[in-house]
Amino acid sequence: MSIDEAILICDALDIPFTALFDFAGEVPHGPLKGMTSADIYRACDAAGTWHTIGNEPYARAELDEGLYSSRWQRASTPGRRYLTAMAEIGGDTPSSTSEIARRLGKTPGEVSMARDSLIKLGLIYSPEHGKVAFTAPDMGEFILRAAPSDGQAYDGRRSNVD
């Protein structure tokens, strides 16, 4: 997880960012690298901040509404379909762009505009040639668990972009 991702999650949970650094010594590969939202829940517990923000279900709901939903809502309808295919294929691990296209019943060229748009929005990135991954940790898990509507616009109206 990058520092920017950690800051977003801490902001969504209304916890001090320093709580992560106190906990990071227990995470493999050093401070923040490899940290997931589950690690952040444990960091909150270790820092004694749960009394101010509640418990893990509350924290998960806060992340869903504050981090993941806002990212989902920024994507167009085709982008959301692309994100869903990514989650179904690889969860939170990098996914093959050709496999995503195949799952969507299209060629890689036909889905390239959706992929490029998601990269420009900062929702996904390309860790290596032919692969894409979510920029927010556990975004794939959110998509699979919450099954958000692919036609919901940011302002709550139906999206008319296909």
(request) Return yes if some donor-acceptor pair links the side-chain N/O of R71 with the main-chain N/O of L123 below 3.5 Å, else return no. (result)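 Looks like no, no N/O pair under 3.5 Å.
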
(message) Is it the case that the side chain of S117 and the backbone of M113 share a donor-acceptor pair, with hydrogens and angles ignored and the cut-off at 3.5 Å?
(response)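 Absent.
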
Determine the minimum heavy-atom distance between [X] and [Y], stating which atoms define it.
X    : Y    : answer
V111 : A101 : CG2-CB, 3.9 Å
P137 : Y68  : O-OH, 2.7 Å
Y125 : F134 : CE2-O, 3.5 Å
A133 : P127 : N-CD, 4.0 Å

(request) Spell out, yes or no, whether L83 and L121 are grouped together once hydrophobic residues are joined by side-chain heavy atoms under 4.5 Å, including indirect joins. (result)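 Per the 4.5 Å side-chain linkage, L83 and L121 are co-clustered.
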
(request) Please collect all salt bridge (Lys or Arg N to Asp or Glu O under 4.0 Å) contacts where either partner lies in residues 118-137, sequence neighbours excluded, each pair once. (result)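 Listed once each, the pairs would be none.
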
(request) Using the salt bridge (Lys or Arg N to Asp or Glu O under 4.0 Å) rule, collect all pairs that involve residues 86-97, keeping only residues at least two apart or in two chains. (result)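 Found E88-R103.
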
Just how far is it from atom [atom1] of [X] to atom [atom2] of [Y], taken to the nearest 0.5 Å?
X    : Y    : atom1 : atom2 : result
S126 : D116 : OG    : CG    : 10.5 Å
L118 : R74  : CG    : CZ    : 10.0 Å
I143 : D138 : CD1   : CG    : 11.5 Å
M86  : T97  : CE    : OG1   : 10.0 Å

(message) In the structure I gave you, are the side-chain heavy atoms of S95 and I100 within less than 4.5 Å of one another anywhere?
(response)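 The answer is yes, as the side chains (C-beta and beyond) meet within the 4.5 Å cut-off.
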
(message) My understanding is that only residues two or more places apart in sequence, or in another chain, count here; which of them pass side chain to side chain contact (heavy atoms under 4.5 Å, CB included) with I119?
(response)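 Here the qualifying residues are R115, I124.
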
(message) I'd like to check the side chain to side chain contact (heavy atoms under 4.5 Å, CB included) partners of R102; sequence neighbours left out, ordered by chain and number.
(response)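 Applying side chain to side chain contact (heavy atoms under 4.5 Å, CB included) to R102 gives S98, E99.
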
